[in-house]
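Right, one structure below, let's go through it.
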Amino acid sequence: MKLSDYFFELDESYRADLDDLRFDSDGRDVLQARLKDKRSQLKALLPLIGLDPVLVAPVFHGAFEFPAGGHQTVADLLGQYPGEFAPWQEVAAAVTVAAWAQPLVNTVLADAHGEDFLATVVALEFALSRRLGPRGEQADDEGDERDGHEDGDDRDDSDEGEQLSEDYLEQQGFDRRSSE
């Protein structure tokens with residue numbers, strides 16, 4: 001899979017976030033309970049979808065299946081950036097959305113950043129599914145490649161977005177991830 005700089009950076013963060021959610025301090029697998037909790041908080045998390053999509057993306061973990069006929073459409077997303085993604089109807093036609101997730105999809109689509117966010121999540125979930133086989137082992141693929149964009153090309157001010165998401169989370173009672 002050829003990854004744009006956007007997905008190259010988000011992919012690792014997304015996998016790390018899911019790993020952090022998986023186990024509690026006693027080593028018990030609590031991923032499903034934590035995902036259920038995040039899903040119940042989607043409306044409160046919506047302001048972050050344009051700033052730090054990885055914080056909200058786990059809401060949709062396991063929500064999409066990838067029929068063989070749609071692989072190319074979804075794989076193409078991984079080489080793109082927000083604003084370049086196909087419209088949601090086109091992306092949705094390439095995936096199967098779990099019934100439990102459809103109301104969440106509708107909630108997100110009502111947001112101005114909704115279509116780009118959902119395309120981002122679909123691509124992240126697809127990348128995750130391509131890496132992990134049915135038992136979690138590394139899947140065989142061509143490997144990940146970054147596209148040829150130089151650092152700084154076609155990027156938002158990620159430092160500002162990071163700061164805003166840190167501020168928002170701190171206001172919600174969470175500790176800051178980074179030091180100032």
Side-chain angles (χ1 to χ4, degrees), residues 1-22 31-32 34-36 38-43 45-134 136 138-139 141-147 149 154-156 158 161 165:
M1 288 181 280
K2 187 170 180 123
L3 302 176
S4 66
D5 288 343
Y6 175 72
F7 281 109
F8 189 81
E9 292 173 11
L10 289 183
D11 181 57
E12 186 175 333
S13 295
Y14 184 58
R15 287 184 285 126
D17 197 37
L18 288 174
D19 286 343
D20 287 346
L21 291 170
R22 182 164 304 278
L31 179 63
Q32 293 309 313
R34 287 182 174 169
L35 292 176
K36 183 179 178 185
K38 272 194 169 279
R39 290 172 184 143
S40 72
Q41 299 172 8
L42 177 61
K43 287 184 181 177
L45 295 171
L46 273 178
L48 297 174
I49 66 174
L51 299 171
D52 196 348
V54 169
L55 290 176
V56 187
V59 166
F60 290 96
H61 180 60
F64 306 106
E65 290 183 20
F66 305 99
H71 283 189
Q72 190 58 52
T73 299
V74 178
D76 288 347
L77 294 173
L78 289 165
Q80 299 172 343
Y81 295 82
E84 298 176 353
F85 301 141
W88 174 245
Q89 269 93 6
E90 209 173 298
V91 175
V95 300
T96 303
V97 179
W100 62 262
Q102 193 58 56
L104 301 173
V105 167
N106 294 341
T107 297
V108 169
L109 286 173
D111 187 275
H113 300 286
E115 287 198 26
D116 278 349
F117 172 75
L118 287 172
T120 297
V121 175
V122 165
L124 289 170
E125 282 285 303
F126 181 72
L128 185 66
S129 76
R130 303 310 298 166
R131 263 190 213 88
L132 301 177
Q138 191 78 17
D141 61 17
E142 304 95 49
D144 293 335
E145 300 176 20
R146 275 178 107 151
D147 71 4
H149 289 282
D154 298 327
R155 292 187 189 199
D156 302 25
S158 61
S165 61

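Heavy-atom basis, side chains included; hydrogens, waters and symmetry copies ignored.
Interatomic distance, NE2 of H61 versus CZ of R34, reported as 13.5 Å (0.5 Å rounding). Separating the CD atom in Q72 from the CG atom in L77 is a distance of 10.0 Å, to the nearest 0.5 Å. A distance of 10.5 Å separates CZ of F117 from CG of L109, quoted to the nearest 0.5 Å. How far CG of L10 is from OG1 of T120: 6.5 Å, rounded to the nearest 0.5 Å. With rounding to the nearest 0.5 Å, the separation of CG in L48 from CG in D111 is 10.5 Å. Between atom OG1 of residue T107 and atom CG of residue L45 there is a gap of 12.0 Å, rounded to the nearest 0.5 Å.
Taking the side chain as every heavy atom from C-beta outward, H71 and F126 approach each other to under 4.5 Å. A 4.5 Å side-chain heavy-atom check between F60 and L124 finds every atom pair outside the cut-off. Annotation: side chain of V121 is not in contact with side chain of V56 (no heavy-atom distance under 4.5 Å). P58 is listed as a side-chain neighbour of L18, based on a closest heavy-atom distance under 4.5 Å. Between L21 and K38 the shortest side-chain heavy-atom distance falls below 4.5 Å. A 4.5 Å side-chain heavy-atom check between T96 and F64 finds every atom pair outside the cut-off.
Between the side chain of E90 and the backbone N or O of P87 there is no donor-acceptor pair closer than 3.5 Å. In this structure, R39 contributes its side chain and L104 its backbone to no donor-acceptor pair below 3.5 Å.
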### Message
If you apply the rule side chain to side chain contact (heavy atoms under 4.5 Å, CB included), what do you find for L118 with V91, and how did you get there?
### Response
CA-CA 9 Å; L118 287 172; V91 175; over 6 Å; no
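Taking all atoms of both residues into account, the shortest heavy-atom contact from F85 to D116 is CD1-OD1, 3.4 Å. Annotation for P67 and A94: closest pair CD-O, 3.6 Å, computed over non-hydrogen atoms. Heavy-atom minimum distance, W88 versus E115: N-OE1, 2.9 Å. Contact between P53 and Y6 at its shortest, heavy atoms only, is CG-OH, 3.8 Å. Closest approach of L78 to F7, counting heavy atoms only: O-CD1, 3.5 Å.
Inspection of the E125 and Y14 side chains reveals an N or O donor paired with an N or O acceptor under 3.5 Å.
Using a 4.0 Å cut-off between a side-chain N of Lys or Arg and a carboxylate O of Asp or Glu, D11 and R15 qualify as a salt bridge.
Within a 6.0 Å radius of CD in E65, no more than 12 heavy atoms belonging to other residues, nucleotides or ligands are found.
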